[in-house]
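Read the structure below first, then the notes.
First the proteins, then the strands, lettered A, B, ... as listed; each starts at 1.
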There are 2 protein chains.
Amino acid sequence: MAEKTYSHIPTMTIGPLSEKTGCHIETIRYYERIGIMPSPPRTEGGHRVYREEHLKRLTFIRRSRELGFTLEEIRNLLLLVDGDDFTCDEVKTMTLEHADDVHRKIADLKKLERVLKDMVSQCDRGDVPDCPVIDALFQTKAYPSIATSP
Amino acid sequence: MAEKTYSHIPTMTIGPLSEKTGCHIETIRYYERIGIMPSPPRTEGGHRVYREEHLKRLTFIRRSRELGFTLEEIRNLLLLVDGDDFTCDEVKTMTLEHADDVHRKIADLKKLERVLKDMVSQCDRGDVPDCPVIDALFQTKAYPSIATSP
DNA sequence: TATGAGACCTGTAGTTAGTACAGGTTCAAG
DNA sequence: CTTGAACCTGTACTAACTACAGGTCTCATA
């Protein structure tokens, strides 16, 4: 009964980890390459063997990506988590900054939508070859500048 | 008075073109490389010489980019313009499709903003080490799925 | 125990829309 | 004629992956 391996701990290869997290296999390997996922132990043949902690970490990364954090931001969040001396305040600040970014992006896109709709509303005569949209695109400054955030 | 060159047509090198359009020089050369700007004539020494038509075309591209069209979409718009047998309808359709994209993106980002704000609103006790944001990020599905468009 | 399908491996290249050099040449003003 | 700014080419880099090619490992079944 006593085994020298950790076989009593549930492990998995990259395939199941991929299924459980919804991350593509290539993405998981990519995360390892760029250092936000640790290199897991391998089988003798070289296959990656993951444990519960890897699943947790990858879930965290995935979830953060879904929320639009960049990998750089996630890297920082993970540093805080790993250091385990972070304060809630630091995390809150980062999240609020990100929320602001999102907010700005929404505002930019709304302006954009407005301009596009305006342009289209000019052309309601169907199949004439003269096109107000094209005309507008040739204008240097037909509308107040649209500041699309990077 | 009769000159065999086109010196009576206003020309410019890449620097002034860059200034007038707000496109970086490298970007202009890039557009030429990928074929959405034509290769202009050159001086004997190899410097690019642009004319009014180049300025117009680049303005068109710039403006379209500002409006969030991809280079691929712009390529199509330019095909229509170049073919000069396009109908306003085709352009209108493309623009409306793009507007829809933008609309969806706005909706997605709004959901995102909501989730971020919700997460942050959980943590109002300042500097405790236990952080609801981090906790939420470790959850597989703490919120209804956020479909961030590609 | 042999075998074969399927899972896994590494490494490289491509995607989008540019930006940032290095190292060399040309232009135009004085 | 000189000099410094502007221009040239070519390559490499960015973010966040995705998509192979070509080879190896695993493990359930015969």
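- A salt bridge does not link B:K105 to B:D101: none of the charged nitrogens lies less than 4.0 Å from a carboxylate oxygen.
- If you take CD of A:E32 and C1' of C:dC8, they are 13 Å apart, rounded to a whole angstrom.
- A distance-only check finds a donor-acceptor pair linking the side chain of B:T59 to the backbone of B:L55 [under 3.5 Å].
- In terms of position on DNA chain D, the residue among A:L71 and A:R29 whose nearest nucleotide sits closer to the 5' end is A:L71.
- Remark: C1' of C:dT16 and CD of B:E73 are 13 Å apart, rounded to the nearest angstrom.
- Put simply, the side chain of A:R65 gets close to the backbone of A:F69: a donor and an acceptor are under 3.5 Å apart.
- Note on B:T27: a side-chain N or O is less than 4.0 Å away from OP1 or OP2 of C:dT19.
- For B:R65 and C:dT19, the CZ to C1' distance is 14 Å, given to the nearest whole Å.
- Residue A:T43 places no side-chain N or O under 4.0 Å from the OP1 or OP2 atom of D:dC25.
- In this structure, B:I28 atom CD1 and D:dA6 atom P are separated by 15 Å, rounded to whole Å.
- Across the protein-nucleic acid pair, A:E44 atom CD and C:dC8 atom P stand 18 Å apart, rounded to whole Å.
- In the set D:dC8, D:dC17, C:dC9, D:dC17 carries the atom at the smallest distance from any side-chain atom of A:Y31.
- Between B:R48 atom CZ and C:dT25 atom P there is a gap of 17 Å when expressed in whole angstrom units.
- Ion pair A:E53/A:R57 not flagged as a salt bridge, since none of the NZ, NE, NH1 or NH2 atoms sits closer than 4.0 Å to an Asp/Glu carboxylate oxygen.
- For the pair B:I14 and A:E26, nearest-nucleotide mapping onto DNA chain D gives the more 5' position to B:I14.
- Among C:dT26, D:dC25, C:dT10, the nucleotide with an atom closest to any side-chain atom of A:H47 is D:dC25.
- One N or O on the side chain of A:H98 and one on the backbone of A:L67 form a donor-acceptor pair closer than 3.5 Å.
- Rounding to whole angstrom units, NE2 of residue A:H24 and P of C:dA7 are separated by 15 Å.
- Among the heavy atoms of the strands, none lies under 4.0 Å from A:I34.
- Counting non-hydrogen atoms under 4.0 angstrom, B:R33 reaches nothing in the nucleic acid.
- Listed nucleotides D:dC17, D:dC7, C:dG18 differ in distance to B:T13; the shortest reach to its side chain belongs to D:dC7.
- Taking atom CZ of residue B:R75 and atom P of nucleotide C:dT15, one finds them 12 Å apart after rounding to whole Å.
- At a threshold of 4.0 angstrom between heavy atoms, the contacts of B:F69 with the nucleic acid are absent.
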